[in-house]
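The structure appears right after this line, and notes come after that.
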Protein chains: 2
Amino acid sequence: MDEETYTISELCAEFEVTPRTLRFYESKELISPQRIGQRRLYSRKDRARLKLILRGKRFGFALEEIRQLLELYHMGDQQLTQLERTYALAQQHLSEMEEKRRELDQAIDDLKVQMRWCEDKVATLKKGSAA
Amino acid sequence: MDEETYTISELCAEFEVTPRTLRFYESKELISPQRIGQRRLYSRKDRARLKLILRGKRFGFALEEIRQLLELYHMGDQQLTQLERTYALAQQHLSEMEEKRRELDQAIDDLKVQMRWCEDKVATLKKGSAA
DNA sequence: CGTTACGCTTACGTTAACGTCAATCTCAGG
DNA sequence: CCTGAGATTGACGTTAACGTAAGCGTAACG
């Protein structure tokens, strides 16, 4: 077993967040690093969770939603019923995300249309000034 | 010219937001409806802008960023230099959005992997209980 | 002509997600 | 032993994005 660990400042440097942010996430039970004495020690799993948290944030998820999403990636030794409930939740999130992707594609297309329009206008203006 | 307009409550009903929200967006200069006396009257263009605003929000953009994005869809009678600057800004946003889509695809794939893992576990548990 | 519905402004309140600051601890180096 | 770098825990401050409540205008309806 690979026992790589990180101090708070190492993790902060890597992901460009402040210590305050990590402690805040911990207070919200999104991460729970080990303690060596009083100090926090982050594992590979903590690091992975942080990655997921920050990704979630970039898509506009609230921390509370992210906390639920993280449970999907936890999935330790659950009971069957628990597991099935979790799976159902995952399906929901999946379709939400797929819907989001459709919207994003739409937004990208719209923007491209606008840009082409803009290109044309620039071209016309340049021709006009050449005359 | 099609002169369809909307009252504040009509627009609110359609997009499931409160009047306060629309007034707030107006105060931040994201929309600027006509006034009939004191009352606001929203045009088709205002409605389109609102649509874009809400879409932006769903992707985690801040209102201030959205305000800039909206300028791209405005593009009235700009000067050439202005137009080119706007175009450059659009290119930036475009690549940001494409980056976001890559991340989203990644997130979706990750989730699918987890779900398959979950399916397997459920299957094994069911077989175990059948024995 | 009263009231009910809708709208307006002003202004203070609220929640999420941290920032910032102070006081304390702790441990390796000189 | 002293110092300084990094860590910790409160605790209050801040910003964005609205919510909410008060007080007022006005216009149609019974």
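All values reported here derive from a predicted model rather than from experimental measurement. Letters go in sequence order (proteins before strands), and every chain restarts at 1.
- Taking the charged nitrogens against the carboxylate oxygens, A:Lys51 and A:Glu14 have no contact shorter than 4.0 Å, which rules out a salt bridge.
- Side-chain polar atoms of B:Tyr87 and A:Glu119 form a donor-acceptor pair below 3.5 angstrom.
- Salt bridge present: A:Arg102 and A:Glu99 bring a charged side-chain N and a carboxylate O closer than 4.0 Å.
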Worksheet item: What string of B, S and - do you get for nucleotides 21-27 of chain C, 5' to 3', when a contact is any protein heavy atom under 4.0 Å?
Response: -----B-
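- The pair A:Lys126-B:Glu84 meets the salt-bridge criterion, since a charged nitrogen lies less than 4.0 angstrom from a carboxylate oxygen.
- Regarding contacts with the backbone of C:dA17, every side-chain N or O of A:Tyr25 stays at 4.0 angstrom or more from both OP1 and OP2.
- Across residues 53-61 of chain B, B:Lys57 each have a non-hydrogen atom less than 4.0 Å from an atom of DNA chain D (numbered order).
- Taking atom OH of residue A:Tyr42 and atom P of nucleotide D:dT8, one finds them 7 Å apart after rounding to whole Å.
- In this structure, B:Arg23 atom CZ and C:dG7 atom P are separated by 8 Å, rounded to whole Å.
- Atoms NZ (A:Lys28) and C1' (C:dA16) sit 7 Å apart, rounded to a whole Å.
- Between B:Arg40 and B:Glu26, at least one side-chain N (NZ, or NE/NH1/NH2) sits under 4.0 Å from a carboxylate O, which counts as a salt bridge.
- OP1 or OP2 of D:dG19 has at least one side-chain nitrogen or oxygen of B:Thr18 nearer than 4.0 Å.
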